[in-house]
Visitor: 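There's a structure below that I have some questions on.
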Amino acid sequence: MGSGGKIPDDAPLLLSLGRLHHAKAFDTLIKVVAKMSGVYLWIAGEGPLREELEDLIQKLNVQDRVILLGWRSDRAALFQASDICVFPSRYEPFGTVFVQAWAQETPLVTTASDGPRQFVRHEDDCLLVDIDHEEQMRAAIDRLIKDKDLSEKLVRNGKERYLNEFTKEKTLEAYKAYFQDMRKAQDLET
């Protein structure tokens, strides 16, 4: 979808990833980008709403700036090419996108959906906005475009959170500790 034309060097590039489904709120993000002059958006993923999102992109006349990339296996390269990751979900039980943004050192804007809200820290490792709140999302994106110091702070703190809490090793350590605690509790009951 879209022309896939060259993005100007000075143009902000947003990245969003996920299944093209109502829960992911890509429609909200597309509407936000449509109101932002010179901002480009890549959405990586496939799903049942592809045709509906393509229609919205056409209706808003942003096919030159909003590109549905389809399913991609080169997520790291997409993060590295982008300036900001936006995770606009309405519903998200956990969502690995915010962790991937931290790991790839990409500033993050996310919504207060259940999963991310329990982990992220507003103004510390992301900018957190209300679900489907277009103006808040637009303001957060615009803020990160303009405030490089804030972007760098979010990246630095997000990377630290990733290294301390979400690497494979840290995850395995947490599971091991959890199972050891369960076993101790069982031993006390017997």
Side-chain angles (χ1 to χ4, degrees), residues 1-93 95-98 100-101 104 106-117 120 122 126-148 150-151 154:
M1 181 75 226
S3 66
K6 182 163 172 42
I7 298 170
D9 290 338
D10 61 343
L13 175 59
L14 311 180
L15 174 65
S16 200
L17 306 99
R19 190 163 183 261
L20 305 183
H21 185 276
H22 177 75
K24 302 299 184 180
F26 293 126
D27 56 322
T28 299
L29 180 54
I30 291 167
K31 291 173 189 172
V32 167
V33 170
K35 297 174 186 172
M36 300 183 79
S37 178
V39 174
Y40 288 70
L41 169 63
W42 286 348
I43 299 174
E46 275 301 340
L49 289 187
R50 182 175 187 89
E51 188 174 320
E52 185 176 315
L53 294 174
E54 288 173 344
D55 290 345
L56 179 61
I57 289 166
Q58 290 291 329
K59 177 183 167 195
L60 296 174
N61 195 29
V62 291
Q63 59 273 16
D64 60 331
R65 296 189 296 119
V66 176
I67 310 298
L68 300 181
L69 298 173
W71 184 255
R72 300 289 293 256
S73 58
D74 59 344
R75 288 180 166 207
L78 296 176
F79 277 105
Q80 293 304 310
S82 64
D83 297 299
I84 299 168
C85 176
V86 184
F87 190 36
S89 291
R90 293 180 177 103
Y91 168 77
E92 195 65 56
T96 60
V97 172
F98 73 89
Q100 291 172 335
Q104 296 299 322
T106 306
L108 174 67
V109 173
T110 189
T111 56
S113 55
D114 287 337
R117 174 182 72 206
V120 301
H122 178 58
C126 78
L127 293 183
L128 190 66
V129 300
D130 292 335
I131 295 168
D132 280 328
H133 199 299
E134 292 178 30
E135 193 49 46
Q136 281 183 12
M137 190 176 293
R138 180 181 177 181
I141 293 166
D142 192 52
R143 191 170 164 207
L144 287 180
I145 290 169
K146 293 176 179 173
D147 189 342
K148 297 304 176 197
L150 176 61
S151 290
L154 300 183

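Side chains are part of it too, since the values below use all heavy atoms of this structure and drop only hydrogens, waters and symmetry mates.
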Visitor: What is the minimum heavy-atom distance between Glu46 and Gly70, and which atoms define it?
Guide: OE2-CA, 3.4 Å
Visitor: Any donor and acceptor pair, going by atom type alone, linking the side chain of Arg90 with main-chain N or O of His22 inside 3.5 Å?
Guide: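 Checked: pair present.
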Visitor: More than 12 heavy atoms of other residues, nucleotides or ligands under 6.0 Å from CD of Gln80: is that the case?
Guide: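 Yes, CD of Gln80 has more than 12 neighbouring heavy atoms, counting only those of other groups under 6.0 Å.
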Visitor: Answer whether the closest heavy-atom distance between the side chains of Leu15 and Thr106 falls below 4.5 Å.
Guide: no
Visitor: Looking only at heavy atoms, which two atoms of Leu144 and Ser151 are closest? And how far apart?
Guide: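 Smallest interatomic distance, heavy atoms only, reads O-OG, 3.0 Å.
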Visitor: Counting C-beta onward and ignoring hydrogens, is there a side-chain heavy-atom pair between Glu92 and Phe98 closer than 4.5 Å?
Guide: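 In short, these two side chains do not touch, never coming nearer than 4.5 Å.
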Visitor: Quick check: does any side chain N or O of Arg65 sit under 3.5 Å from a backbone N or O of Met36, one acting as donor and the other as acceptor?
Guide: yes
Visitor: Can a donor-acceptor pair be found, under 3.5 Å and without considering hydrogens, that links the side chain of Asp83 to the backbone of Leu13?
Guide: yes
Visitor: Which heavy atom of His21 sits nearest to which heavy atom of Leu49, and what is that distance?
Guide: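 So the two residues come closest at C-CD1, 3.4 Å.
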Visitor: Over all heavy atoms of both residues, which pair between Phe79 and Ser82 is shortest? Give the atoms and the distance, please.
Guide: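 Distance-wise, the nearest heavy atoms are O-OG, 3.0 Å.
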Visitor: Got Pro12 and Ile84 here, is their nearest side-chain heavy-atom distance under 4.5 Å?
Guide: no
Visitor: Is the count of non-hydrogen atoms from other residues, nucleotides or ligands lying under 6.0 Å from Lys148 atom NZ greater than 12?
Guide: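 Enclosed.
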Visitor: Can you confirm whether Leu128 sits close enough to Thr110 that some side-chain heavy atom of one is under 4.5 Å from a side-chain heavy atom of the other?
Guide: yes
Visitor: What is the distance from atom CG of Leu69 to atom CG of Leu17, rounded to the nearest 0.5 Å?
Guide: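 Taking CG in Leu69 and CG in Leu17, the distance rounds to 8.5 Å.
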Visitor: Please assess Arg138 against Asp142 for the test salt bridge (charged side-chain N to carboxylate O under 4.0 Å, His left out), listing each intermediate value before the final yes or no.
Guide: CA-CA 6 Å; Arg138 180 181 177 181; Asp142 192 52; over 6 Å; no
Visitor: So, for Asp132 and Ala25, which heavy atoms are closest and what is the spacing to 0.1 Å?
Guide: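 Scanning both residues completely, I find the closest heavy atoms to be OD1-CB, 4.1 Å.
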Visitor: From Glu51 CD over to Leu68 CG, what is the distance, rounded to the nearest 0.5 angstrom?
Guide: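 With rounding to 0.5 Å, CD (Glu51) is 12.0 Å from CG (Leu68).
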Visitor: Does Gln58 use its side chain to pair, donor to acceptor, with the backbone of Gln63 at less than 3.5 Å?
Guide: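 Not at all, since once roles are kept as given, no pair shorter than 3.5 Å links the two residues.
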Visitor: For Phe26, which of Leu53, Leu56, Val66, Leu41 qualifies under side-chain contact (heavy atoms from CB on, under 4.5 Å)?
Guide: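 Looking at Leu53, Leu56, Val66, Leu41, the match for Phe26 under the side-chain contact (heavy atoms from CB on, under 4.5 Å) is Leu53.
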Visitor: Working to the nearest 0.5 Å, report the span between OG1 of Thr28 and CE of Met137.
Guide: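 These two atoms lie 6.0 Å from each other.
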Visitor: Looking at Val86 and Ser16, what are the two nearest heavy atoms and their distance?
Guide: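 Nearest pair, atom of Val86 first, then Ser16: O-OG, 2.6 Å.
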Visitor: To the nearest 0.5 Å, what is the distance between CD on Glu52 and CD1 on Ile30?
Guide: 9.5 Å
Visitor: Are any non-hydrogen side-chain atoms of Ser89 and Pro116 less than 4.5 angstrom apart?
Guide: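 Side-chain contact under 4.5 Å: no.
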Visitor: Just how far is it from atom CD1 of Ile67 to atom OH of Tyr40, taken to the nearest 0.5 Å?
Guide: 9.0 Å
Visitor: Is Ile7 close to Trp42 at the side-chain level, that is, under 4.5 Å between some pair of heavy atoms?
Guide: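 With C-beta onward as the side chain, the pair touches.
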Visitor: Give, for atom CG of Leu14 and atom CD1 of Ile141, the distance between the pair rounded to the nearest 0.5 Å.
Guide: 5.0 Å
Visitor: Taking His133's backbone N and O only, do any of them form a donor-acceptor pair with Asp130's side chain (distance below 3.5 Å, no angle check)?
Guide: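 No.
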